[in-house]
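Read through the structure below, which is laid out as structure tokens, and then see the notes.
One-based numbering, in listed order, for ligands and for the atoms of each. All values below come from the heavy atoms of this structure, side chains included, with hydrogens, waters and symmetry mates left out. A quick note: this is a predicted structure, and the numbers were derived from the prediction, not measured.
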Amino acid sequence: MKKVLVTGGLGYIGSHTVVALQEEGFEVAIIDDLSNAKIEVLENIRSITHKAPAYHQIDLKDKAAVQQFFATQAIDGVIHFAASKAVGESVQKPLAYYENNLGGLVNLLQEMDRHKTTHLIFSSSCTVYGQADALPITESAPIKPAESPYGNTKQVGEEIIKDQTAVADLKAISLRYFNPIGAHESAKIGELPIGVPQNLVPFITQTAAGIRKELSVFGSDYNTPDGTAIRDYIHVIDLARAHIVALKRLFNKDQKAPYEVFNLGTGKGCSVLEVIQSFEKVSGKKLNYKMVARRAGDITAAYADTTTANKVLGWKAALSLETALLSAWKWQQTL
Ligand code: WQD
């Protein structure tokens, strides 16, 4: 049974991927420093899969701890989620983001190399494209200057990994997520935003739950059919499945190059208003919202060209926006 290290495995996408890995028969070890996750998620994962993944509270910035981990484990592959991911916060604290996201990545890569762990899946983001010149967005779309230190850590992180695959025995895949939403059907794991949610769907569900008074729609004057911005919302379960497919591609040596990149989206763009209307339909709740000014740094539209993911990776998103929103609402009601 292959053993997979999931860094950030108690986080939102990480925890859903751990469940998928265990259900696929992999042995899982989680590293998480709990800076953006709760330890209760570990038990929630176990209650879904009836297998407790090994858990190590390690900060990847702590080089000695990372060395110690790899010296005592035989890891076949790594899925690397652990990173700070709040766009606005990264503008206020750039050095903390570069130290955590890039310093942690370098420590991880150095220990993987030292201990001959040669397979890596990197959690990247469509944010590397900025406002793409053409839609839908393909993997060959130009990488635009990052709009935030967070986005820059994803761009530079990909470059660091690519450079390492050129000189070391490392095979890597970067997965560029569009907008992950939703929760596991059991409603035992889901998105746990700390403080006021920055992202649209958790703010919607908290508004519907009465935790927030009303949703502010950031901008109604975009050059889109209904004036609100368009994104590609992908169910976190589809996203988790893509990580299994990508990891098997590495283990089965199906890769066409030492470093590959795949966009993970549905290929369908939805506006903020469409998401609101879809949520109202599936939840039966009337959402309280108002139109306000655009949010600084937001782009008009982004949705994925899924051709490469479908034809080369062999993965396609299967779950609908409605299914994702209903799962997010069911999860919110457990909190
Ligand atoms: C979606 C749309 C907002 C909140 C970010 C990161 C990206 C990735 C996903 C990590 C936009 C609008 C939002 C609200 C709103 N994160 N909105 N009112 O900005 O597309 O992507 O999260 O990898 O890197 O940039 O996602 O959910 O914040 O916003 O109107 O209260 O909803 O303007 O149009 P975004 P989001």
Side-chain angles (χ1 to χ4, degrees), residues 8 11-14 17 36 80-91 97 100-101 122-132 135 137 143-144 146-158 174-182 191 193-208 211-236 239 263-266 269-279 287-304 321 324-325 328:
Y12 173 39
I13 304 169
T17 303
N36 192 25
H80 179 45
F81 292 104
S84 305
K85 62 152 211 153
V87 174
E89 183 186 52
S90 77
V91 175
Y97 269 66
N100 190 51
N101 294 5
F122 179 58
S123 169
S124 190
S125 167
C126 65
T127 205
V128 302
Y129 300 115
Q131 176 56 70
L135 293 171
I137 303 172
I143 302 300
K144 296 272 182 84
E147 305 257 344
S148 69
Y150 160 75
N152 205 25
T153 65
K154 288 303 179 186
Q155 291 181 5
V156 175
E158 287 193 12
S174 285
L175 299 175
R176 292 175 180 165
Y177 314 150
F178 279 67
N179 287 60
I181 62 168
E191 196 167 3
I194 294 176
V196 179
Q198 298 306 303
N199 294 127
L200 177 64
V201 170
F203 206 108
I204 286 177
T205 58
Q206 288 193 9
T207 303
I211 298 168
R212 306 291 160 200
K213 193 167 83 58
E214 71 180 347
L215 169 75
S216 294
V217 175
F218 297 141
S220 54
D221 61 346
Y222 283 102
N223 180 19
T224 61
D226 65 18
T228 62
I230 290 170
R231 297 289 186 275
D232 184 334
Y233 297 94
I234 175 169
H235 199 309
V236 68
L239 211 50
N263 284 348
L264 297 185
T266 66
C270 288
S271 73
V272 176
L273 277 179
E274 284 171 330
V275 173
I276 292 170
Q277 285 147 14
S278 177
F279 178 80
L287 198 72
N288 193 16
Y289 66 91
K290 65 180 176 184
M291 297 296 175
V292 301
R294 297 183 181 189
R295 178 171 65 177
D298 275 356
I299 58 173
T300 301
Y303 49 94
L321 176 72
L325 291 171

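- The residue P180 has no part lying near ligand 1, judged by heavy-atom distances below 4.0 Å.
- For the pair R294 (side chain) and T300 (backbone), a donor-acceptor distance under 3.5 Å is absent.
- Ranking the protein heavy atoms by distance from atom 14 (C) of ligand 1 puts F218 CE1, 3.2 Å first.
- Distance from atom 26 (O) of ligand 1 to its nearest protein heavy atom, with residue and atom name: N179 ND2, 3.1 Å.
- In this structure, N152 and A146 approach most closely via the heavy-atom pair N-CB, 3.4 Å.
- Heavy-atom contacts of V272 reach the following atoms of ligand 1: 12 (C), 32 (O), 34 (O) (cutoff under 4.0 Å).
- The proximity of L215 to ligand 1, defined as any non-hydrogen pair under 4.0 Å, is limited to the side chain.
- N199 contributes no side-chain N or O that, together with a main-chain N or O of V201, makes up a donor-acceptor pair within less than 3.5 Å.
- The A229 neighbourhood of ligand 1 comprises atoms 34 (O), with distances under 4.0 Å to a heavy atom of that residue.
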> side chain to side chain contact (heavy atoms under 4.5 Å, CB included) between T207 and Y289: does it pass, once the steps are laid out?
Replying inline: CA-CA 9 Å; T207 303; Y289 66 91; over 6 Å; no
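- When R294, M291, E214, Q198 are checked for heavy-atom proximity to atom 4 (C) of ligand 1, Q198 turns out nearest.
- Atom 20 (O) of ligand 1 has its closest protein heavy atom at R231 NE, 2.6 Å.
- Q198 places no side-chain N or O within donor-acceptor distance of the main-chain N or O of P193, the cut-off being under 3.5 Å.
- Side-chain atoms of K144 do not come within 3.5 Å of backbone N or O of T127 as any donor-acceptor pair.
- Annotation for ligand 1: atoms under 4.0 Å from non-hydrogen atoms of D298 are 3 (C), 33 (O).
- With hydrogens and angles ignored, the 3.5 Å screen pairs a side-chain donor or acceptor of Q155 with a backbone N or O of V128.
- In Y233, the part holding a heavy atom less than 4.0 Å from any atom of ligand 1 is the side chain.
- When heavy-atom distances to ligand 1 are checked against a 4.0 Å cut-off, V201 has no atom that comes that close, whether in backbone or side chain.
- Taking every heavy atom of S125 and a limit of under 4.0 angstrom, the matching atoms of ligand 1 come to 23 (O), 24 (O).
- Between Y150 and Y97, the ring planes are perpendicular. Angles over 60° get that label, and only those under 30° would be called parallel.
- Closest protein heavy atom to atom 28 (O) of ligand 1: R295 NH2, 2.8 Å.
- For D298 (side chain) and F218 (main-chain N/O), no donor-acceptor pair under 3.5 Å exists by modelled atom type.
- For K154, no heavy-atom contact with ligand 1 is shorter than 4.0 Å.
- Nearest heavy atoms, S278 versus L325: OG-CD1, 3.3 Å.
- Contact annotation for Y150 and ligand 1: only side-chain heavy atoms (C-beta onward) come within less than 4.0 Å of the ligand.
- Closest heavy-atom approach to atom 22 (O) of ligand 1 within the set L200, I13, L273, N199: this belongs to N199.
- Using a 4.0 Å cut-off to heavy atoms of V217, the atoms of ligand 1 that qualify are 30 (O).
- Between T228 and S220, the shortest heavy-atom distance links the atoms CG2-CA, 4.3 Å.
- Among all protein heavy atoms, the one lying closest to atom 18 (N) of ligand 1 is S216 O, 2.8 Å.
- In summary, the atoms of ligand 1 found under 4.0 Å from a heavy atom of V87, numbered by their order in the structure, are 6 (C), 25 (O).
- Closest of all the heavy-atom pairs between A324 and H235 is CA-CD2, 3.4 Å.
- Remark: ligand 1 and F203 share no N or O pair separated by less than 3.5 Å (distance only, no angle test).
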